[in-house]
Amino acid sequence: MPKEESFALNRIKSVGFALRGALLLIKTEASIKIQVFLAIVVTIAGFYYEISTTEWIFQIFAVSLVVGIEGANTAIEKICDFIHPEFDERIGFIKDVAAGAVMLVSIGATIVGCIIYLPKIF
C-alpha cells in the first residue's frame, strides 16, 4: 500500500499547482497580460495618490476579482474547446456567458477605479 502524504505536503503541492496555473495564464492569455499591466498601473497610482487603506482594499478586491474571473473564463473556454472542438451554438452560449461575466466584473472594477481616482486627479 502506498504511503499517504502528509496534509502539509499536499498543501504545498497544491500551492505549486496553483502557481503554475497562474503563470500559465499570464504567459498564454493576452487579456490577462493586459489586466496584469493595468493592475501594476493602478498599484503605482495607489502609491502616487496615497490612497487610503479602505481604497486599497477595494482596489485589490476589484483587481483580484477581474483576474480571477478571467482565469475561470479561460478555463471554461479551454474545456469547451476540448469537449466540442467544432462550432456548436450551445458551446457558443456557454463561452459568451463566461465572457459576459468577465465584462460585468470589469465594469464594476472600472467604476471602483473611477470612484477612487477621479476625485484625486481632478
Just wondering, more than 12 heavy atoms not from F93 lying within 6.0 Å of its CZ?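 Counting neighbours around CZ of F93, 12 or fewer heavy atoms of other residues, nucleotides or ligands fall under 6.0 Å, so no.
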Inspect the surroundings of CZ in R90 and state if more than 12 heavy atoms from other residues, nucleotides or ligands are less than 6.0 Å away.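 Open: at most 12 neighbouring heavy atoms sit under 6.0 Å from CZ of R90.
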How close do [X] and [Y] get, heavy atom to heavy atom, and via which atoms?
X: I26; Y: K33; value: O-CE, 3.1 Å
X: K95; Y: N73; value: O-OD1, 4.2 Å
X: I94; Y: C80; value: CG2-SG, 3.7 Å
X: V42; Y: Y117; value: O-OH, 3.0 Å

Going only through I, L, V, M, F, W and Y residues with side-chain contacts under 4.5 Å, is there a path from [X] to [Y]?
X: V15; Y: F17; result: no
X: F37; Y: V112; result: no
X: I107; Y: I69; result: no
X: I60; Y: V105; result: no
X: V36; Y: V66; result: no

Would you say K120 and I51 make side-chain contact, with heavy atoms under 4.5 Å?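 Counting from C-beta outward, K120 and I51 do come under 4.5 Å.
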Gap between atom [atom2] of [Y] and atom [atom1] of [X] - 0.5 Å precision:
X: E29; Y: E70; atom1: CD; atom2: CD; value: 7.0 Å
X: Q59; Y: S64; atom1: CD; atom2: OG; value: 10.0 Å
X: D81; Y: I91; atom1: CG; atom2: CD1; value: 8.5 Å
X: F7; Y: I12; atom1: CZ; atom2: CD1; value: 10.5 Å
X: T74; Y: E77; atom1: OG1; atom2: CD; value: 6.0 Å
X: M103; Y: T110; atom1: CE; atom2: OG1; value: 11.0 Å

Could you go through the side chain to side chain contact (heavy atoms under 4.5 Å, CB included) check for I111 and I115 one step at a time? CA-CA 6 Å; I111 292 169; I115 291 169; 3.8 Å; yes
Do F61 and W56 have ring centroids that are under 6.0 Å from one another?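 W56 vs F61: aromatic centres not under 6.0 Å.
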